[in-house]
S.K.: 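Got a structure for you, written out below as structure tokens; questions coming shortly.
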Amino acid sequence: MQGANLSAVTEFILIGFSTFPHLQLMFFLLFLLMYLFTLLGNLLIMATIWSEHSLHTPMYLFLCALSLSEVLYTFAIIPCMLADLLSTHHTIALMACASQMFFSFTFGFTHSFLLTVMGYDRYVAICHPLRYNVLMSPHGCACLVAWSWAGGSVIGLLVTSAIFQLTFCGPSEVGHFACHVPPLLKLARGTDVQVVAMGVGLVCITALLGCCLLILLSYAFIVAAILRIPSAEGRHKAFSTCASHLTVVVVHYGFASVIYLKPKGPQSLEGDTLMDITYTVLTPFLSPIIFSLRNKELKNAMKKTFLSKLYPEKM
């Protein structure tokens with residue numbers, strides 16, 4: 001009977017924004033505008049790369065895949081979050097919660113793997129320019145993108161299956177605005193909860209640190225190669241091809257480290273909610289801005305592609 005009672009949870013109550021009752025409408029409008037801008041920015045990047053033949057290169061293929069992963073990641077979380085901000089009944093079904101966790105982890109880690117691949121692409125372009133076309137062939141680039149998506153899917157499947165094989169019991173209140181792992185683990189019961197928590201944490205931290213270390217290694221070689229360029233103009237030109245990627249990496253892993261590597265201890269629900277919003281809403285919002293503003297070639301292609309449609313007589 002005890003086991004039957006423990007497994008009776010069929011839905012969770014998301015209470016992440018319950019501590020901000022008077023700010024929920026403001027949050028809704030702010031997050032809606034940021035979400036729409038994120039979608040528009042990423043779709044604009046993908047449309048520009050697709051239509052402009054001069055951008056059909058490995059670097060922009062990876063950027064297109066990165067934008068797609070960002071669109072899907074935000075779509076897995078933010079629409080549900082926006083609906084909850086307008087609702088008085090903040091519940092999510094067990095299967096919907098599992099689906100949200102799977103897709104958010106899949107697309108989130110795919111994003112990290114693609115950033116790593118983009119770092120490798122810049123390393124090859126600057127450190128081995130004569131071998132670039134061989135090392136970054138269309139087939140090789142397609143394989144790197146496919147492996148990034150496969151790796152994200154595997155992590156999403158591992159984490160979700162590990163969490164949802166646990167037994168949950170009431171109260172079914174999740175101290176978050178989405179189906180996040182730590183608050184769900186607090187509701188789980190059984191002797192294997194600690195083992196699952198350690199396993200999930202190890203997988204996530206290992207993947208994030210592994211990607212981060214590979215990117216740092218790529219940029220260590222890149223910086224060494226740039227410093228050997230004799231002219232200041234040549235050094236600036238080489239570094240400018242990495243500036244947007246490096247900025248996004250710093251933003252992405254900066255916020256990710258705050259979320260996944262923060263020390264354990266008593267945390268306020270308000271603090272956790274605001275902290276996690278930075279990674280869920282702010283990071284995807286900043287990414288297309290950074291790539292659009294700091295990448296001169298992409299910015300010029302956007303102007304050429306879309307201004308020619310708006311003002312064809314002037315182009």
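Side chains are part of it too, since the values below use all heavy atoms of this structure and drop only hydrogens, waters and symmetry mates.
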S.K.: Might you point out which heavy atoms bring Ile49 and Cys64 nearest each other, and give the distance in Å?
M.R.: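 In this case the closest contact between Ile49 and Cys64 is CD1-N, 4.0 Å.
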
S.K.: Give me the atom names and distance for the closest heavy-atom approach of Cys127 to Pro129.
M.R.: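 For Cys127 and Pro129, the tightest heavy-atom pair comes out as C-CD, 3.4 Å.
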
S.K.: Can you name the one residue among Thr106, Val154, Val200 that meets side chain to side chain contact (heavy atoms under 4.5 Å, CB included) with Val159?
M.R.: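 In the set Thr106, Val154, Val200, the residue that makes a side chain to side chain contact (heavy atoms under 4.5 Å, CB included) with Val159 is Val200.
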
S.K.: For the atom pair CE (Met59) and OG (Ser244), what is the distance rounded to the nearest 0.5 Å?
M.R.: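 Spacing of CE (Met59) from OG (Ser244) equals 7.0 Å.
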
S.K.: Using the rule that Ile, Leu, Val, Met, Phe, Trp and Tyr join whenever any side-chain heavy atoms are under 4.5 Å apart, tell me whether Leu208 and Leu158 fall into a single cluster.
M.R.: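 Cluster IDs for Leu208 and Leu158 differ.
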
S.K.: Could you give me the CA-CA distance, side-chain angles and deciding distance for Met46 and Leu68, then say whether side chain to side chain contact (heavy atoms under 4.5 Å, CB included) is met?
M.R.: CA-CA 8 Å; Met46 289 189 285; Leu68 178 60; 3.9 Å; yes

S.K.: At their closest point, which heavy atom of Gln100 faces which heavy atom of Cys179, and how far apart are they?
M.R.: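 In this case the closest contact between Gln100 and Cys179 is OE1-N, 2.9 Å.
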
S.K.: Does the side chain of Leu282 reach to within under 4.5 Å of the side chain of Met34, using non-hydrogen atoms?
M.R.: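 Leu282 reaches Met34 side chain to side chain.
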
S.K.: How far does NE2 of His252 sit from CD1 of Ile290, to the nearest 0.5 angstrom?
M.R.: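 Rounded to the nearest 0.5 Å, the NE2-CD1 separation comes out at 12.0 Å.
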
S.K.: Is the Tyr35 to Phe31 ring centre distance short of 6.0 Å?
M.R.: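 Between Phe31 and Tyr35, which both carry aromatic rings, the centre distance is not below 6.0 Å.
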
S.K.: Do Tyr60 and His56 come close enough that some side-chain heavy atom pair is under 4.5 Å?
M.R.: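 Result no, sub-4.5 Å side-chain heavy-atom pair not found.
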
S.K.: Spell out, yes or no, whether Leu166 and Leu157 are grouped together once hydrophobic residues are joined by side-chain heavy atoms under 4.5 Å, including indirect joins.
M.R.: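 Same cluster.
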
S.K.: Under the criterion side chain to side chain contact (heavy atoms under 4.5 Å, CB included), I'd like the reasoning laid out for Cys97 against Phe164: C-alpha separation, chi angles, the key distance, then a yes or no.
M.R.: CA-CA 9 Å; Cys97 187; Phe164 284 90; 3.8 Å; yes

S.K.: To the nearest 0.5 angstrom, please state how far the CE atom of Met198 sits from the CG atom of Asp192.
M.R.: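 Going from the CE atom of Met198 to the CG atom of Asp192 covers 13.0 Å.
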
S.K.: Side chains of Trp149 and Ser69, heavy atoms from C-beta outward: is any pair under 4.5 Å?
M.R.: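 Yes - at least one pair of side-chain heavy atoms lies under 4.5 Å apart.
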
S.K.: By ring-ring contact (aromatic ring centres under 6.0 Å, His included), which residues pair with Tyr253, not counting sequence neighbours?
M.R.: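 ring-ring contact (aromatic ring centres under 6.0 Å, His included) list for Tyr253, sorted by chain: empty.
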
S.K.: Side-chain contact, heavy-atom cut-off 4.5 Å: Ser153 with Thr110?
M.R.: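 No, side chains not in contact.
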
S.K.: Quick one: does any side-chain atom of Asp121 pair with a main-chain N or O of Val117 as donor and acceptor, under 3.5 Å?
M.R.: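 Not confirmed, Asp121 side chain does not pair with Val117 backbone.
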
S.K.: Test of understanding: clusters of I, L, V, M, F, W, Y form through side-chain heavy atoms closer than 4.5 Å, transitively. Do Leu214 and Leu114 belong to the same one?
M.R.: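 As far as the 4.5 Å side-chain criterion goes, Leu114 and Leu214 are not connected within one cluster.
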
S.K.: Between CG of Leu66 and OG of Ser287, what distance do you get to the nearest 0.5 Å?
M.R.: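 Those atoms lie 5.5 Å apart.
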
S.K.: Any side-chain heavy atom of Thr91 within less than 4.5 Å of one from Phe12?
M.R.: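 No, every pair of side-chain atoms sits at 4.5 Å or beyond.
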
S.K.: Are Leu115 and Val248 side-chain neighbours, meaning at least one heavy-atom pair lies under 4.5 Å?
M.R.: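 Sidechains of Val248 and Leu115: in contact.
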
S.K.: Taking a hydrophobic cluster as the set of Ile, Leu, Val, Met, Phe, Trp and Tyr residues connected by side-chain heavy atoms closer than 4.5 Å, whether directly or through intermediates, do Leu43 and Leu32 fall within one such cluster?
M.R.: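 The answer is yes; both residues are in one hydrophobic cluster.
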
S.K.: Does the side chain of Phe291 come within less than 4.5 Å of Ser67's, by heavy atoms?
M.R.: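 Ser67 vs Phe291: side chains apart.
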
S.K.: Same cluster for Leu30 and Tyr279 if Ile/Leu/Val/Met/Phe/Trp/Tyr side chains link at under 4.5 Å?
M.R.: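 Leu30 and Tyr279: one cluster.
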
S.K.: Got a sec, which residues hit ring-ring contact (aromatic ring centres under 6.0 Å, His included) with Phe285, two or more places apart in sequence or on another chain?
M.R.: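 Per chain and number, Phe285 pairs via ring-ring contact (aromatic ring centres under 6.0 Å, His included) with Phe37.
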
S.K.: Give the intermediate values and the outcome of side chain to side chain contact (heavy atoms under 4.5 Å, CB included) for residues Val181 and Met101.
M.R.: CA-CA 8 Å; Val181 170; Met101 180 178 290; 3.9 Å; yes

S.K.: Within the side chain of Thr206, is there an N or O that forms a donor-acceptor pair under 3.5 Å with the backbone of Val203?
M.R.: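 Side chain of Thr206 to backbone of Val203, a donor-acceptor pair under 3.5 Å: no, none is there.
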
S.K.: Mind running side chain to side chain contact (heavy atoms under 4.5 Å, CB included) on Phe113 and Met118 for me, showing each step along the way?
M.R.: CA-CA 9 Å; Phe113 295 146; Met118 291 175 77; over 6 Å; no

S.K.: Indicate the atoms forming the closest heavy-atom contact of Ala98 with Thr160, along with that distance.
M.R.: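 Heavy atoms of Ala98 and Thr160 come nearest at O-CG2, 3.4 Å.
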
S.K.: Hey, what do you get for CG (Asp84) to CZ (Phe177), rounding to the nearest 0.5 Å?
M.R.: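 Interatomic distance, Asp84 CG to Phe177 CZ, rounded to 0.5 Å: 10.5 Å.
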
S.K.: With a 3.5 Å distance limit and no angle check, can you tell me whether Arg235 reaches the backbone of Ile229 through a side-chain donor-acceptor pair?
M.R.: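 Here the side-chain-to-backbone pair exists.
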
S.K.: Phe103 vs Phe107 aromatic rings, parallel, tilted or perpendicular, using cut-offs 30° and 60°?
M.R.: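 If you compare the ring of Phe103 with that of Phe107, the planes turn out parallel.
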
S.K.: Is a side-chain donor or acceptor of His176 paired with a backbone partner of Ala178 at a separation under 3.5 angstrom?
M.R.: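 Such a contact is found between His176 side chain and Ala178 backbone.
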
S.K.: Any chance the side chains of Ser231 and Glu233 put a donor and an acceptor closer than 3.5 Å?
M.R.: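 No, because no side-chain N or O of Ser231 sits under 3.5 Å from a partner of the opposite role on Glu233.
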
S.K.: Tell me whether Phe27 at atom CZ has more than 12 heavy atoms from other residues, nucleotides or ligands lying less than 6.0 Å away.
M.R.: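 Yes, CZ of Phe27 has more than 12 neighbouring heavy atoms, counting only those of other groups under 6.0 Å.
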
S.K.: Quick one: does Ser137's side chain have a donor or acceptor within less than 3.5 Å of a partner on Asn133's backbone?
M.R.: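 No, because the side chain of Ser137 does not come within donor-acceptor range (under 3.5 Å) of the backbone of Asn133.
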
S.K.: State, yes or no, whether a side-chain contact exists between Ile15 and Val174 at a heavy-atom distance under 4.5 Å.
M.R.: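 A side-chain contact under 4.5 Å is absent here.
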
S.K.: Minimum heavy-atom separation for Gly175 and Pro183, please, with both atom names.
M.R.: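 Result for this residue pair: N-CB, 3.7 Å.
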
S.K.: Please report the interatomic distance SG(Cys141) to CG(Leu61), rounded to the nearest 0.5 Å.
M.R.: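 Cys141 SG to Leu61 CG: 6.0 Å, rounded to 0.5 Å.
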
S.K.: Which residue pairs pass the ring pair (Phe, Tyr, Trp, His ring centres under 6.0 Å) test when at least one of the two sits in residues 185-229, sequence neighbours left out?
M.R.: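 For residues 185-229: Tyr123-Phe221, Tyr219-His245.
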
S.K.: With a cut-off of 6.0 Å (strictly less than), are more than 12 heavy atoms of other residues, nucleotides or ligands near NE2 of His236?
M.R.: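 Incorrect, the count does not exceed 12.
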
S.K.: Please name the pair of heavy atoms, one in Gly119 and one in Ile222, separated by the smallest distance, quoted to 0.1 Å.
M.R.: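 Taking Gly119 first and Ile222 second, the nearest heavy atoms are O-CD1, 4.3 Å.
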
S.K.: Is the number of heavy atoms from other residues, nucleotides or ligands within 6.0 Å of CE (Met26) greater than 12?
M.R.: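 Result for CE/Met26: enclosed.
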
